[in-house]
There are 2 protein chains.
Amino acid sequence: MASIKDVAAQAGVSVATVSRVLNSHPSVSAEARTRVIAAVDALGYRPNAVARSLRTAQTRTLGLVISDVLNPYFTELARFVEEEARALGYSVIIGNADERPELQDHHIRTLIDRRIDGLLVSPADGGSPLMREVALSGTPMVFVDRWIPGIDVPVVRADGTGAVRDLVAHLHGLGHRRLAIIAGPAATTTGNERVEAFRDAMRELGLALPDAYIGQGDFQAASGRRATEGFLALDEPPEVVFAADNLMALGALDAIRARGLRVPGDIALAAFDDIPWFVHTDPPITAIAQPTADLARAAVRALADLIEGRTPQSVTLPARLVVRRSCGQDATDQRSDR
Amino acid sequence: MASIKDVAAQAGVSVATVSRVLNSHPSVSAEARTRVIAAVDALGYRPNAVARSLRTAQTRTLGLVISDVLNPYFTELARFVEEEARALGYSVIIGNADERPELQDHHIRTLIDRRIDGLLVSPADGGSPLMREVALSGTPMVFVDRWIPGIDVPVVRADGTGAVRDLVAHLHGLGHRRLAIIAGPAATTTGNERVEAFRDAMRELGLALPDAYIGQGDFQAASGRRATEGFLALDEPPEVVFAADNLMALGALDAIRARGLRVPGDIALAAFDDIPWFVHTDPPITAIAQPTADLARAAVRALADLIEGRTPQSVTLPARLVVRRSCGQDATDQRSDR
DNA sequence: ATCATCCCTGTAATCGATTCCACGGCGTCG
DNA sequence: CGACGCCGTGGAATCGATTACAGGGATGAT
């Protein structure tokens, strides 16, 4: 593979001149410039990004560590993150933590070793020593979706409290009183916040949230199934199951089906995180939709700001309720499907 | 960030010795080794992967260019690719081509510029000049899922002909005679092969595949919707729509719903590529499942073989039919759901 | 004509690793 | 006792870029 030296030789100039042309430095004569350009495409020369990174101490690469790529919400987030990053001239390396803290640490390690310019993280846990160390070390870092209290980096996330309140009101309006939730891991902010928002919204309507109606999940489908089986085995099972993410909702649906029950006839179902498939499930599932594309864009921009020395903004965008048929029909509550 | 020089100074040895310790070179005295190790973790030193890559001319990184991350099939593929690569000591950089050839080229460009050790590609088109050039240049490269005729690199893919034949037989057994297909782009191998397999299987049963029953899609949901609308507008619409991937099946389902028709009562639906959501759609969708994890593993291994100087294997694994309810009930044809 | 200035260019240092080569010390063998 | 070989070590070259610095030539001003 041709190097800058070969180009210099071919063009009859020094490597410095070649470098200047490539970086469109002003002080190069028109003649030298054309000769260099000719040599560059005669040789099919492409600058070695590794060498360039070593010298300039920047890689124009962002690291994105997400909790679970197979979760459509995160897939979509990753896709928009890459899109915005590309628009700003960055590449993205995605690390999939699979909701496993040690895997998350592994990815952070290798990303730092590769000297990525900044890190976008949706933490799978409450924060490892490594994560604190990285944040303290001055590596530009932004939390997206989930964050870690006590680590002082910008956070870009959706606020679901309003939408959860809307959801609970919707359920209440349909006559449901016994509402259960499948929570995410307590170590994640989204795990806690969604339960709290749910509890608060219920309290406002004078409903209690007994412990038996709080299932412990881990944002994976299997845990949604287990938690739902637990609910269904109660003497007085809930009338509604609200899953704190889409995969657990899928598991819940499995468990309900396995019992031979029907949604929403026998039990209602709702989920946090809306995804295209929810339109096509049987029945279509009522969900709380996050503005994923906007979150991704804001997160990348905050990180780029941090990297390039500007002042980054923490951003919180509202999530919104999307009513479908999985909680029952309600003539006063019709909305568009997507 | 501490460099090897700092470690050398701290340990009172030369950088050469530090490097030897880090690479577990044999000829280092036990004493020097312990001093170096002490210095390394006193300083929290981590080798700079960029510098190392420059010197050794290898990055221990693979590039994966896929046609569409939002397609659950490719998401899953990517996830298993990363898993296997990690097991072999490689990182993965994913480039999402979004079924756009120019974006695919962009990603190949930047990956090559970053000097990835090898490239895993599921081409979105029939092959750009760039792709041919890269293949010829000796960059280790492997095609996965789709491939490009005339470019001589190992191919890891699933063979769907058997499964398609099973599907057509299943449909025939249910009494369906007018079968339509939504094809993928003609520039992709999977786009063509699936149509050919379908046509052949139909011919074997004495069924014709009129041109009007071949819809042209691009593996995206919207095209599945359009093609299906076309079918439904025919004087004699098909009894079955077979979508060549899961997203087009989703679009087909949309179009069928929009017409107020029911699956499978009014029209049957089947898809290539099975995904977890197909169990939960209304109705559950009959699909052809690829052994995604095995494909991913085989592809990474072939690429690693190529990189490390062993002889790589092209691999073709069989896909299999998974019957659900979207084509109608058939007592003789019951299988487990997943 | 002389000198300062500006423009263009090249030489060389540098980034942080790896690795070839040479060298000093010590043990072994004849 | 001398030669040889081996082991551990350090110096320095190298990978492919960027960039500070210096120098040469042309130009303009005085």
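This structure is a prediction, so every number in the text was calculated from the model and none was measured. Just so we're on the same page: letters track the sequence lines, and every chain starts at 1.
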(request) Specify the separation, in whole Å, of atom CG of B/N48 and atom P of D/dA17. (result) 17 Å

(message) Does atom CG (A/D152) have a neighbourhood of more than 12 heavy atoms from anything else shown, all under 6.0 Å?
(response) no

(message) Test your reading of the model: is there a side-chain donor-acceptor pair from A/H25 to the backbone of A/V21, 3.5 Å cut-off?
(response) no

(message) Just the rounded figure in Å: distance from C1' of D/dC7 to CZ of B/R33.
(response) 13 Å

(message) With a 3.5 Å distance limit and no angle check, can you tell me whether B/D68 reaches the backbone of B/E99 through a side-chain donor-acceptor pair?
(response) no

(request) Name the nucleic acid region contacted by B/V50, choosing base, sugar-phosphate or nothing; use a 4.0 angstrom heavy-atom cut-off, strictly under. (result) nothing

(request) Scan B/S27 against the nucleic acid and name what it touches under 4.0 Å (heavy atoms): base, sugar-phosphate only, or nothing. (result) base

(message) Whole angstroms only, please: what is the CZ-P distance between B/R115 and D/dC15?
(response) 14 Å

(message) Pair A/D245, A/N71 - check side chain to side chain donor-acceptor pair (under 3.5 Å), show working.
(response) CA-CA 9 Å; A/D245 89 336; A/N71 183 321; 3.2 Å; yes

(request) May I have the distance from A/Q58 (atom CD) to D/dT19 (atom P), rounded to whole angstrom? (result) 9 Å

(message) What is the separation between atom CZ on A/R60 and atom P on D/dT18, rounded to the nearest whole Å?
(response) 14 Å

(message) Quick one, A/L295 and A/F80 - any side-chain contact, counting heavy atoms below 4.5 Å?
(response) no

(message) What contact category does A/A49 fall into here, base, sugar-phosphate, or nothing, at under 4.0 angstrom with non-hydrogen atoms?
(response) nothing

(request) Write down the distance between NZ (B/K5) and P (D/dG11), rounded to a whole number of angstrom. (result) 13 Å

(request) With the side chain of A/T56 defined as its heavy atoms from C-beta on, choose the nearest nucleotide among D/dA13, D/dT18, C/dT9. (result) D/dT18

(message) If I take atom CG in residue B/L54 and atom P in nucleotide C/dT19, what distance separates them, rounded to the nearest angstrom?
(response) 13 Å

(request) Return the value, rounded to whole Å, for the distance between atom CZ of A/R35 and atom P of C/dT9. (result) 8 Å

(request) Without swapping roles, check the side chain of A/D117 against the backbone of A/R60 for a donor-acceptor pair under 3.5 Å. (result) yes

(request) Give a yes/no on whether any side-chain N or O of A/R52 is located under 4.0 angstrom from OP1 or OP2 of D/dG16. (result) no

(request) Between D/dC15, C/dT9, C/dC15, spot the one nearest the side chain of A/A32, thanks. (result) C/dT9

(request) State whether the distance check finds a donor on one side and an acceptor on the other, under 3.5 Å, for side chain A/R55 versus base C/dT14. (result) yes

(message) I want to verify a distance call: between C/dT9, D/dG8, D/dG16, whose nearest atom is closest to the B/S29 side chain?
(response) D/dG8

(request) Tell me which residues in residues 10-26 of chain B put a heavy atom below 4.0 Å from DNA chain C, sorted by number, or none. (result) B/A16, B/S19, B/R20, B/N23

(message) The criterion is side chain to side chain donor-acceptor pair (under 3.5 Å); which residues satisfy it with B/E84, sequence neighbours excluded?
(response) B/R301

